[in-house]
Number of protein chains: 2
Amino acid sequence: MKVSREQAERNRREVVHSAARLFRERGFDGIGLGEVMRAAGLTHGGFYKQFASKEDLVREAMSCALERGRMKWNERVAGADDPLASFVHGYLSPEHRDHPAEGCSFVALGAEAARRDDEALRQVFETEARGYLDLLEGLLDDASSPARRDRALASLSTLVGALLMSRVVRDPELSADFLRAAAAFVLQPR
Amino acid sequence: MKVSREQAERNRREVVHSAARLFRERGFDGIGLGEVMRAAGLTHGGFYKQFASKEDLVREAMSCALERGRMKWNERVAGADDPLASFVHGYLSPEHRDHPAEGCSFVALGAEAARRDDEALRQVFETEARGYLDLLEGLLDDASSPARRDRALASLSTLVGALLMSRVVRDPELSADFLRAAAAFVLQPR
DNA sequence: ATTATCTATAGATCTATAGATAATGC
DNA sequence: ATTATCTATAGATCTATAGATAATGC
């Protein structure tokens, strides 16, 4: 029943990754620890040897999901002709819209995280928000630094809001309109 | 124990309003029917005489909250010097950010609604999204009608995303930056 | 000997239903 | 007689804990 320290570490990581997917897919309250552990190939009794509480797992899963997402976007823009357009079109793509379990956690869980009474969780979201803002800022060509910062703040807002709206409406045309119009708005020359 | 038809109707409305507040405050899964009924001054056993299921209440509460919110914005802009600026500054105000229970349901519950397996609920959000788009479109002064529509789509996205981001970060300064930068972005002349 | 994981369970929820009760409204 | 609301409860969750088990690692 016991496994090696390395295997235990791999198991722990698998729990975090399963949780990160399942939380985004079903919400923090929509999935139990039993199912998270089962998705990681374990039984629910072993959970508290690795984590202090569900709250603890929520924090770790969000930190992992947000950071890995950001790294993915970083890689994507690094190899692109037009890095800003590459980021915007990737973020506002039908693929991203249709796969929340692997997508942006601000959209999938930001509102839920905001109302949790857990300052550490909101700190995780804040740190990652700054990371995304820095990423975006680096892709902008505004003359002044404050202008770039403000444009990054507004652009991130537009991206997050458009993805959210594109997911909640039923009509595929209206959904696509949100993605298209938001991309044009963010990419417009000024 | 029985009450008059009019009182029963008032009770039902009170349940819907309590639910609309509590869902926005705690999430669809974060509040039980018992507490919703208690907030309306009733006991949980009477719930199913008025509603078919919790799903049914979720739909009705969201329809009510979204429509009443839209009406409120409509009244606000009707009496304003600069209707667009009035809407944008009201929506992106610290008051709105700090009172999700009375605020925009797209931000508080859009992501949760999007993942529910309930087409009727997403239809409610879609109908109200069109209502908000029409409202915004009427405040814009772009020359062509398609340009106004696209700007409405992008502006609504920016508003929703900025309010969400302003709620999830911990630092009051960063939170205010989202609100301020997004408002400037939406209101910029073009 | 230590410990990662397992089975089993306590105690607190939650949705939904059953049947009793008492006031309305024909 | 009808019915809006009440009390009580069934059955299914959920988080967290207790104690057993068996493989690791000193």
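By convention in this document, chain letters (A, B, ...) are assigned in the order of the sequence lines, proteins followed by strands, and residues within each chain are numbered from 1.
Of the charged side-chain nitrogens involved, none lies within less than 4.0 Å of a carboxylate oxygen, so that E67(A) and R70(A) do not count as a salt-bridged pair. Ion pairing of D134(B) with R148(B) is absent here, as no side-chain N (NZ or NE/NH1/NH2) approaches a carboxylate O to less than 4.0 Å. Ionic pairing of R12(A) and E60(A) is present here: one or more N-O contacts between side-chain nitrogen and carboxylate oxygen are shorter than 4.0 angstrom. A salt bridge does not link R10(B) with E14(B): none of the charged nitrogens is closer than 4.0 Å to a carboxylate oxygen. The pair E137(B)-R149(B) meets the salt-bridge criterion, since a charged nitrogen lies less than 4.0 angstrom from a carboxylate oxygen.
Checked against side-chain hydrogen bond (donor to acceptor under 3.5 Å, both in side chains), D142(B) has the following partners two or more places apart in sequence or in another chain: R151(B).
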Contact state string [nucleotides 9-19 of chain D, B base, S sugar-phosphate only, - no protein heavy atom under 4.0 Å]:
B----SSBB--
Protein proximity profile, nucleotides 21-26 of chain D - base contact B, sugar-phosphate-only contact S, no contact -, cut-off 4.0 Å on heavy atoms:
BSBBSS
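Q50(A) has a side-chain polar atom (N or O) that falls below the 4.0 Å cut-off from OP1 or OP2 of dT5(C). Between N11(A) and dA4(C) there is no side-chain N or O to OP1 or OP2 distance below 4.0 Å.
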Show me the donor-acceptor pairs, under 3.5 Å and distance only, between side chains in residues 28-40 of chain A and residues at least two apart or in other chains.
unit_1	atom_1	unit_2	atom_2	d
D29(A)	OD1	R116(A)	NH2	2.9
E35(A)	OE1	R26(A)	NH2	3.3
E35(A)	OE2	R26(A)	NH1	3.4

Side-chain donor-acceptor contacts of residues 94-102 of chain A below 3.5 Å, not counting sequence neighbours, with atom names and distances?
unit_1	atom_1	unit_2	atom_2	d
H96(A)	ND1	Y91(A)	O	2.9
H96(A)	NE2	C104(A)	N	2.9
R97(A)	NH1	S175(A)	OG	2.8
H99(A)	ND1	E95(A)	O	2.9
E102(A)	OE2	R21(A)	NH1	2.0
E102(A)	OE2	R21(A)	NH2	3.3

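Rounded to an integer number of Å, the gap from F51(A) CZ to dA4(C) P is 13 Å. Between the CD atom of Q7(B) and the P atom of dT5(D) there is a distance of 8 Å, rounded to whole Å.
A donor-acceptor contact shorter than 3.5 Å links the side chain of R24(A) to the backbone of G103(A).
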Could you go through the salt bridge (Lys or Arg N to Asp or Glu O under 4.0 Å) check for E25(B) and R115(A) one step at a time?
CA-CA 7 Å; E25(B) 201 169 296; R115(A) 62 179 162 246; over 6 Å; no
For DNA chain D, what is the dot-bracket line, given that a base pair needs Watson-Crick (N1 to N3, plus N6-O4 or O6-N4) or G-U wobble (N1-O2 and O6-N3) geometry with both distances under 3.5 Å, and | means paired with another strand?
||||||||||||||||||||||||..
